[in-house]
Amino acid sequence: MERKIVKLQGLNIDSFSFEDAVEYAKNISGQIVTLNPEMVNNASKNQDFANIINSAELVIPDGVGVELGLKILGKNVKRIAGIEFSHKLIEECAKNRQSVALIGAKPAIVEKAKENLQREFPDLYITYTHDGYFDDDEKIISEVKIRQPRLILCALGSPKQEEFIFKAKKDFPDSIFIGVGGSFDVWSGVVERAPEIYQKLGLEWLYRTIKDPKRFKRIFPTLPLFVLKVLREKFIPRGV
Ligand code: UDP
């Protein structure tokens, strides 16, 4: 299977369906990015971060914002929820007896997420866990390196998780890494996912903002700014 990359604000995004993205991911090693509008805005201000995204081995459009942005540019790509995608990769690892590492979130959260995932997938082999509040990246990388897990989930928030993965991936020729944001909080049972109707409409961010109004500050300038930038990309293409 070959990548069919579309561009949004100069960033690569793969246009696979959910199933094809899973199949593709099963046969590669390297970095998987789950891209949302906040990250697109961040990349426009941070060239190193943009380079990390563009050197990733797979970039999935996570959320309705990126889907909408691509639609404005006339590209029909369906969104893939990062949390569902990474959950599916975990299931595939369990099926194929491949090992998994969890890095990120608070210590009790990552342990609880491990416990719940292991209960859900009795064949799952989680060989390494570590919370996401560390300073010495190299120490963590060398600890995981000994285990060489097939799938390494990093829940450090963005851009920390993408930067960590970018730094680590050269030492893991047979692993895939994916940045999963707040997924461990959900799998631990501490944070609930939005009701299905919000998920279907792509409005999980709205539900989370209602539940936790502090997020408003994060979402609010980001989304309209993102849409404005994409509109500018449509009507005034880059380089003009
Ligand atoms: N996190 C972490 N280390 C840090 C900062 C954040 O492990 O230095 C974790 C945090 O505990 C949470 C996750 O990163 O589990 C993602 O946080 P956030 O809700 O900001 O992610 P997003 O909204 O991007 O999915």
Side-chain angles (χ1 to χ4, degrees), residues 11 13 31-46 49-50 52-53 56 59-67 69 79-87 89-90 100-117 126 128-141 143-144 152-168 177-194 198-199 202-223 225-226:
L11 301 175
I13 302 176
Q31 177 162 19
I32 304 176
V33 171
T34 62
L35 193 72
N36 64 36
E38 209 177 347
M39 292 160 75
V40 177
N41 280 342
N42 188 4
S44 73
K45 292 175 280 186
N46 178 346
F49 184 52
I52 289 177
I53 296 169
V59 181
I60 65 167
D62 183 8
V64 76
V66 173
E67 184 178 289
R79 64 180 185 269
I80 295 177
I83 187 165
E84 276 162 33
F85 184 72
S86 35
H87 191 259
L89 294 182
I90 294 173
V100 173
L102 306 179
I103 303 168
K106 304 221 167 81
I109 301 264
V110 62
E111 289 311 321
K112 191 75 190 152
K114 173 185 178 179
E115 195 185 312
N116 289 346
L117 287 166
I126 298 177
Y128 184 80
T129 54
H130 199 287
D131 68 78
Y133 296 86
F134 53 85
D135 294 319
D136 190 350
D137 289 2
E138 296 306 331
K139 177 172 167 279
I140 304 294
I141 291 169
E143 285 174 9
V144 194
I152 303 166
L153 299 138
C154 298
L156 307 170
S158 183
K160 204 172 165 189
Q161 60 199 17
E162 285 76 27
E163 290 164 353
F164 174 78
I165 293 172
F166 183 73
K167 197 197 270 185
F177 290 78
I178 182 164
V180 294
S183 301
F184 294 178
D185 300 84
V186 174
W187 295 333
S188 70
V190 169
V191 172
E192 263 179 67
R193 263 197 96 181
Y198 285 84
Q199 292 182 32
L203 295 175
E204 273 194 88
W205 57 274
L206 178 64
Y207 181 81
R208 272 191 266 156
T209 309
I210 295 166
K211 286 261 165 179
D212 179 9
K214 279 200 302 295
R215 295 182 78 95
F216 192 73
K217 263 212 312 251
R218 246 174 79 175
I219 300 236
F220 187 65
T222 306
L223 270 181
L225 195 69
F226 169 74

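When a ligand or atom number is given, it counts from 1 through the structure's own listing order.
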Exercise for the section: Would you mind telling me if ligand 1 is within reach of the side chain of K160, the backbone, both or neither, using heavy atoms under 4.0 Å? Expected result: side chain
Exercise for the section: Please work out whether any backbone atom (N, CA, C, O) or any side-chain heavy atom from C-beta onward of R215 is under 4.0 Å from ligand 1, and answer side chain, backbone, both or neither. Expected result: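 Within the 4.0 Å criterion, R215 contacts ligand 1 through side-chain atoms alone.
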Heavy-atom nearest neighbour in the protein, as seen from [atom], with distance rounded to 0.1 Å:
| atom | result |
| --- | --- |
| atom 11 (O) of ligand 1 | Y133 OH, 2.8 Å |
| atom 5 (C) of ligand 1 | L156 O, 3.4 Å |
| atom 17 (O) of ligand 1 | G157 CA, 4.3 Å |
| atom 3 (N) of ligand 1 | G132 O, 2.7 Å |
| atom 20 (O) of ligand 1 | R218 NH1, 3.2 Å |

Problem - From CD (Q161) to CD1 (I103), nearest 0.5 Å - result: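 Between Q161 CD and I103 CD1, I get 11.0 Å after rounding to 0.5 Å.
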Exercise for the section: Rounded to the nearest 0.5 Å, what's the gap from CG on L153 to NE2 on H87? Could you check? Expected result: 10.5 Å
Practice task
Look at ligand 1 and say whether E38 reaches it with a heavy atom at a distance under 4.0 Å.
Solution key: no
Exercise for the section: Could you establish whether F184 and ligand 1 come within less than 4.0 Å of each other, counting only heavy atoms on the residue side? Expected result: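 The answer is no, since F184 has no heavy atom less than 4.0 Å from ligand 1.
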Handout entry: Atom indices of ligand 1, in the order listed, that fall short of 4.0 Å to a heavy atom of D185
Key =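 Selected atoms, number and element: 12 (C), 15 (O).
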Practice task
Under 4.0 Å from a heavy atom of A155: give me the atoms of ligand 1 that qualify, with their elements.
Solution key: 1 (N), 2 (C), 7 (O), 9 (C), 13 (C), 14 (O)
Handout entry: Heavy-atom side-chain contact between V144 and F177 under 4.5 Å
Key =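 Result no, sub-4.5 Å side-chain heavy-atom pair not found.
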Practice task
Please say whether more than 12 non-hydrogen atoms of neighbouring residues, nucleotides or ligands are located less than 6.0 Å from NZ in K106.
Solution key: no
Handout entry: E192 CD: over 12 foreign heavy atoms closer than 6.0 Å
Key = no
Problem - Note: R193-E84 ion pair, threshold 4.0 Å (strictly below) - result: yes
Exercise for the section: Taking only Lys NZ, Arg NE, NH1 and NH2, and the carboxylate oxygens of Asp or Glu, determine whether K167 and E163 approach each other closer than 4.0 Å. Expected result: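 Salt bridge: no.
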Fill in the blank from the handout: Of all heavy-atom pairs linking G104 and F184, the shortest is O-CD1, 3.5 Å
Handout entry: Nearest heavy atoms of L225 and P221, plus distance in Å
Key =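 Smallest heavy-atom distance, with atoms named: CB-O, 3.0 Å.
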Completion exercise
Heavy-atom proximity to atom 13 (C) of ligand 1, picking from A105, S183, G181, points to G181
Practice task
Please indicate whether any nitrogen or oxygen in G182 is less than 3.5 Å from any nitrogen or oxygen in ligand 1.
Solution key: yes
